[in-house]
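Counting convention: from 1, in listed order, for ligands and their atoms alike.
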Amino acid sequence: MASGTALIYDEKMATHKLLWSDPICDIEVPERLSSSYEQLKSYHLVERCVPVPAREGSEEEILLVHSLEHLEVAKSTQTMNEEELKRVSENYDAFFFHPSTYHCARLAVGATLQLVDAVMSGEVRNGMALVRPPGHHSQRNAANGFCLFNNVAIAAEYAKLKYGLQRILIVDWDVHHGQGIQYIFEEDPSVLYFSWHRYEHQEFWPSLKESDYDAVGLGKGKGFNINLPWNKVGMGNSDYLAAFFHVLLPMAFEFDPELVIVSSGYDSGIGDPEGQMNATPEVFAHLTHFLMQLANGKLCVILEGGYHLKSLGESVCMTVKTLLGDPVPQITGEMAPCLSAVESIQNVRAAHKPYWKWLAYEDTSFLQNLSTKSHLLKKANSNTSTEHETKITNNNNTVKVERFLELHMKNILFPVPPIKTATIGSEGSEHFLSEHVQLVKEMDKTEIKSLVSGFYADLVEEDKILLSLGSMLAILDKILKKEVCNGIAASPTAALSAAVALRHSVRFGFQRVLCVFVGDMQITPNTEDGKMLIINICEKEQPGKTSCKHCISLNWKEDAEGNDFFSAVLGFILPVAYSYQPNLTVIAVGPNRSLGISGISLLVALLQGLAESRIVAVIEHPVVLSTTVSLCDL
Ligand SMILES: COCC(O)(O)CCCCCNCCCN
Ligand SMILES: [Zn+2]
């Protein structure tokens with residue numbers, strides 16, 4: 001699998017700017033680009049990326065999406081004076097021309113296509129293009145919402161043409177609806193378009209009926225257009241994670257894209273004057289981490305909106321840090337989505353039920369007796385109790401948000417542990433990139449005996465077991481001391497190793513340890529102190545096993561296509577795990593595991609979004625290698 005993260009930036013794209021006063025467009029300033037780049041430099045992220053130059057998109061490439069007329073009008077503006085520029089701009093909703101706009105827009109297209117080439121050629125695994133003017137509102141024959149050419153739409157058509165792709169996922173986390181992209185791909189089943197957007201029952205710009213959840217695509221494209229409207233402001237991390245767990249990710253895994261492109265707008269982040277939302281920059285690390293598990297990691301992130309410079313810069317850095325494979329910062333705070341978010345999620349799932357296997361069993365009876373489209377709903381739950389209290393009273397108090405972010409980001413950008421993965425001996429290590437691995441020396445028997453003497457002494461008579469415990473504990477110690485991020489150990493008795501690992505971690509002082517156990521878990525440590533949460537994915541009901549508060553068993557038999565495994569992991573295990581907010585994750589694979597290798601590797605990869613990516617895997621099978629590889633693929 002390719003490695004490396006491309007960063008595409010050209011300061012020439014900062015010359016496009018508003019020449020007259022316009023209270024609608026005056027937020028789209030050149031500093032959006034330069035301050036994001038400066039922030040990346042200040043976190044030493046630029047030097048860790050592969051620099052890829054921008055280029056001008058050709059007229060032919062622009063005509064993949066736009067009409068000749070649109071291209072000609074744009075081209076003609078290069079020689080206009082200010083009065084003429086103003087007049088042409090007035091033909092569009094929320095757009096402004098500058099003499100350099102045409103050139104900048106061609107650079108934005110070209111930068112985007114350079115990123116697609118770098119990823120599709122394997123030169124890099126993923127990357128980000130910092131571009132302006134942005135693209136997702138522009139249409140075949142019109143500029144709109146600060147956008148002249150639809151960079152992301154052109155990239156998708158280009159990738160289909162040049163690389164013969166048949167399944168491209170576009171994720172649009174900008175806080176506005178990318179109606180331009182929706183119009184372009186509405187009838188096209190090869191492009192799955194997902195957008196969430198501030199909507200407020202069609203009151204928020206662009207105030208389109210077709211931005212609502214029931215616009216599912218047309219003709220052959222039905223089911224391939226997903227709109228998730230936010231009918232309230234103040235949406236936060238819990239709402240965004242719920243949208244991914246319960247809408248986007250199950251669809252994305254079923255769609256199984258060959259390439260993922262993100263219309264990456266950060267006006268959905270806290271402090272943005274347009275979005276008025278509350279999600280903090282580290283949520284973009286999680287969203288990026290999830291999308292990295294698709295399409296063999298082939299992920300192109302293209303800048304769209306984002307108007308609070310500090311919030312924008314922090315979110316861009318969180319995105320690039322994650323693309324580089326750094327550990328994902330912990331999400332704290334409430335984990336329950338608000339009622340309005342749950343309603344939107346339920347509505348979009350119901351609207352898409354006819355088109356998706358994973359929604360086959362979805363109960364949509366609620367739709368009949370709840371006129372969710374009417375404004376009754378809006379009046380009904382306008383009481384704030386069910387909505388998030390806005391953390392920052394008036395979001396667009398820029399300085400206040402700046403202060404909040406200064407403090408908030410301090411404990412987020414922790415130093416990245418030098419070594420990502422620890423392992424014992426050669427097994428599996430040949431898969432690692434050398435700088436990722438630290439070989440850990442075995443622990444000696446007396447030390448092991450003293451460690452486990454307290455609670456499992458009678459079980460560790462045999463030397464073989466003792467030795468396997470030793471290697472696991474040696475690795476676990478490195479993780480508990482935060483010297484490495486994750487590790488993997490083979491074990492003849494995964495249940496015992498997991499139980500010892502849990503006990504040892506709690507004794508070391510970790511307050512919330514998550515254990516995901518796949519297969520029959522013969523030993524269940526008592527979790528009553530709440531310092532452990534055990535999720536056991538097992539094939540059959542364990543006789544006499546009592547499910548207690550912190551020990552959940554999920555009876556699971558992987559079916560043929562393994563599809564609903566994704567929705568079980570995404571729809572159940574991850575939401576439970578995220579709400580527990582563990583500070584260490586132990587994943588153990590025991591006898592007669594009920595999951596295939598790909599399922600286990602995906603589970604390990606997704607669980608790395610927790611506990612600052614601290615995870616130890618204890619595997620009873622020769623599946624060690626593939627899971628090891630997915631561990632180092634962080
Ligand atoms: C890719 O474009 C990025 C963006 O989505 O952030 C653009 C937002 C345009 C917001 C225009 N507001 C018009 C209000 C009229 N009353
Ligand atoms: Zn936007």
Side-chain angles (χ1 to χ4, degrees), residues 13 16-18 21-33 36 65-66 89-97 101 104-105 107-109 111-112 128-139 142-156 170-184 193-200 202-208 211 227-230 233 235 240 261-277 279 284 287 300-309 311-313 315-316 319 395-396:
M13 283 183 267
H16 162 68
K17 70 176 194 272
L18 183 59
S21 86
D22 173 342
I24 286 174
C25 297
D26 60 6
I27 53 173
E28 209 289 287
V29 294
E31 291 71 26
R32 294 181 54 235
L33 222 49
S36 297
V65 160
H66 296 286
S89 303
E90 277 153 8
N91 293 336
Y92 304 110
D93 176 5
F95 188 75
F96 60 92
F97 278 103
T101 302
C104 293
L107 280 174
V109 168
T112 305
M128 178 161 200
L130 292 174
V131 300
R132 65 184 281 278
H136 73 157
H137 296 298
S138 62
Q139 295 144 49
N144 178 284
F146 313 158
C147 308
L148 181 58
F149 300 137
N150 202 315
N151 307 312
V152 163
I154 294 168
I170 297 175
V171 177
D172 187 337
W173 61 48
D174 186 289
V175 86
H176 299 88
H177 181 218
Q179 85 280 37
I181 299 180
Q182 172 168 314
Y183 297 152
I184 291 158
Y193 176 58
F194 169 88
S195 169
W196 63 36
H197 31 272
R198 182 178 169 184
Y199 190 58
E200 291 172 300
Q202 205 177 328
E203 286 185 9
F204 187 70
W205 187 90
S207 303
L208 300 169
S211 301
N227 283 334
L228 179 56
W230 299 127
V233 292
M235 295 298 172
Y240 289 6
I261 307 176
V262 181
S263 263
S264 186
Y266 297 101
D267 43 13
S268 43
I270 191 165
D272 192 278
E274 281 286 309
Q276 299 289 319
M277 299 297 176
F284 294 105
L287 305 186
C300 299
V301 181
I302 316 296
L303 182 65
E304 296 278 4
Y307 308 98
H308 184 288
L309 298 189
S311 185
L312 167 65
S315 302
V316 165
T319 305
N395 238 337
N396 48 20

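Using cut-offs of 30° and 60° for the angle between ring planes, the Y307 and H176 rings count as perpendicular.
Considering N151, D172, V152, N144 in turn, D172 is the only one that fulfils the side-chain contact (heavy atoms from CB on, under 4.5 Å) rule with H136.
Ligand-side atoms of ligand 1 in range of C147: 1 (C), 2 (O), range being under 4.0 angstrom from any heavy atom. Remark: ligand 1 atoms within the under-4.0 Å shell around heavy atoms of D174 are 3 (C), 4 (C), 5 (O), 6 (O). Under a 4.0 Å criterion applied to the non-hydrogen atoms of G305, ligand 1 contributes the atoms 3 (C), 6 (O). The atoms of ligand 1 that sit less than 4.0 Å from any heavy atom of G135 are 1 (C).
Shortest contact from atom 4 (C) of ligand 1 to any protein heavy atom: Y307 OH, 3.2 Å. Of the protein's non-hydrogen atoms, the one nearest atom 12 (N) of ligand 1 is W205 CD2, 3.9 Å. Ranking the protein heavy atoms by distance from atom 5 (O) of ligand 1 puts H137 NE2, 2.6 Å first. Scanning the protein heavy atoms around atom 16 (N) of ligand 1, the nearest turns out to be I24 CD1, 4.2 Å.
In this structure, Y266 contributes its side chain and F284 its backbone to no donor-acceptor pair below 3.5 Å. With hydrogens and angles ignored, the 3.5 Å screen pairs no side-chain donor or acceptor of Y240 with any backbone N or O of L287.
Between H177 and Y199, the distance separating the two ring centers is not shorter than 6.0 angstrom. Ring to ring, F96 and H16 are close: their centroids are under 6.0 angstrom apart. Outside the 6.0 Å centre-distance limit, the rings of F204 and W230 are not counted as a close aromatic pair.
Annotation: side chain of T112 is not in contact with side chain of I154 (no heavy-atom distance under 4.5 Å). Counting heavy atoms from C-beta outward, P133 and F146 have side chains that stay 4.5 Å or more apart.
By the criterion of a heavy-atom distance under 4.0 Å, both the backbone and the side chain of H136 are placed next to ligand 1. At a heavy-atom distance under 4.0 Å, only side-chain atoms of E274, from C-beta outward, approach ligand 1.
Angle ND1(H176) to the Zn ion (ligand 2) to OD2(D174), rounded to 10°: 160°.
Distances between N or O atoms of E304 and those of ligand 1 include no value under 3.5 Å.
When the N, O or S atoms of D267 are ranked by distance to the Zn ion (ligand 2), OD2 comes first.
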